[in-house]
Participant: 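Below is one structure. I have some questions about it.
Since the structure is predicted, the reported quantities are computational estimates derived from the model, not experimental observations.
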Amino acid sequence: MSAAEATFQALQALIASDGVAIGDRLPGEVELARRFGVSRAILREALGACATLGLTETLTGSGTYIRAKKPRPQLTFGGYSAVDLIEARPHIEIPAAGYAAERRTPEQLDRMRSLLDRMRQAADLRAWVRLDGEFHRLIAEASGNPVLAAMVDSLRQALDPQSEFLNITKARQSSSDEEHARIVEAIASGSAEAAREMLARHLSQVAEALAD
């Protein structure tokens, strides 16, 4: 379990406890970071996940307040609901992976493999999320279809916070690395069918994690 995930779970337990009520202000960042034994950066990541779930709201200059005891049923990322993203991504990214298997250049394949290595070595969550975005953009670019590439690029403003949320709450980083590696292997093989299948499996795992 990562420090961010452990902190998120500790915050959830605190919010759900009888010792605090809806509307209460949480202790300040310095106190919470000291209590959980983490940096303020990690604490902010965990607080961000709580805000995504509708549990808290942070007001500039005032503090973080409890808004609910239980997560809201509908998650939103970058102005889009998680349900909308789950429905839309397969129609964009799966075809892009198939075309990438047929059209990618040797240079693009090298870049995919390099991104995989950098993701596996990334210790910082937000650095990993940034690389994850680059990886999916590169697959769309390698499709040779500028419409698909533009659509994937546009979606990343929603998918980056979703990716960060899943890595904090469901520890998806290692699993995603493995799924990404299978996608690259399929694209390298030149099999459009295999690339589409591996991308579809990856999206299915993401959807399953969001639904838990």
Participant: Looking at T76 and G79, would you say the former's side chain and the latter's main chain have a donor-acceptor pair under 3.5 Å?
Facilitator: no

Participant: In sequence, state the C-alpha distance, the side-chain angles, and the governing distance for R201 and E197, and then conclude on salt bridge (Lys or Arg N to Asp or Glu O under 4.0 Å).
Facilitator: CA-CA 6 Å; R201 288 186 186 181; E197 180 181 353; 2.5 Å; yes

Participant: Could you pull out the closest heavy-atom pair between G63 and R25, with the gap in Å?
Facilitator: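 Result for this residue pair: CA-CD, 4.1 Å.
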
Participant: Give, for atom CG of D177 and atom CG of L131, the distance between the pair rounded to the nearest 0.5 Å.
Facilitator: 9.5 Å

Participant: Angle between ring planes, H180 versus W128, binned at 30° and 60°: parallel, tilted or perpendicular?
Facilitator: parallel

Participant: Does G48 offer a backbone N or O that forms a donor-acceptor pair with the side chain of T52 under 3.5 Å?
Facilitator: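 Yes.
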
Participant: Can a salt bridge be assigned to the pair R111 and E107 using a cut-off of 4.0 Å between side-chain N and carboxylate O?
Facilitator: no

Participant: Determine, stepwise, if the pair D153 / R137 fulfils salt bridge (Lys or Arg N to Asp or Glu O under 4.0 Å).
Facilitator: CA-CA 6 Å; D153 188 61; R137 286 188 184 96; 2.7 Å; yes

Participant: Apply salt bridge (Lys or Arg N to Asp or Glu O under 4.0 Å) to the pair R120 and E178, showing each step before the final yes or no.
Facilitator: CA-CA 9 Å; R120 286 172 176 144; E178 293 177 8; over 6 Å; no

Participant: CD of Q205 to NZ of K170: how many Å apart, nearest 0.5 Å?
Facilitator: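 Here the interatomic distance stands at 12.0 Å.
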
Participant: How about S81 and D84: does a side-chain donor come under 3.5 Å of a side-chain acceptor?
Facilitator: yes

Participant: If you measure from the Lys or Arg side-chain nitrogens to the Asp or Glu carboxylate oxygens, is any gap between R172 and E179 under 4.0 Å?
Facilitator: yes

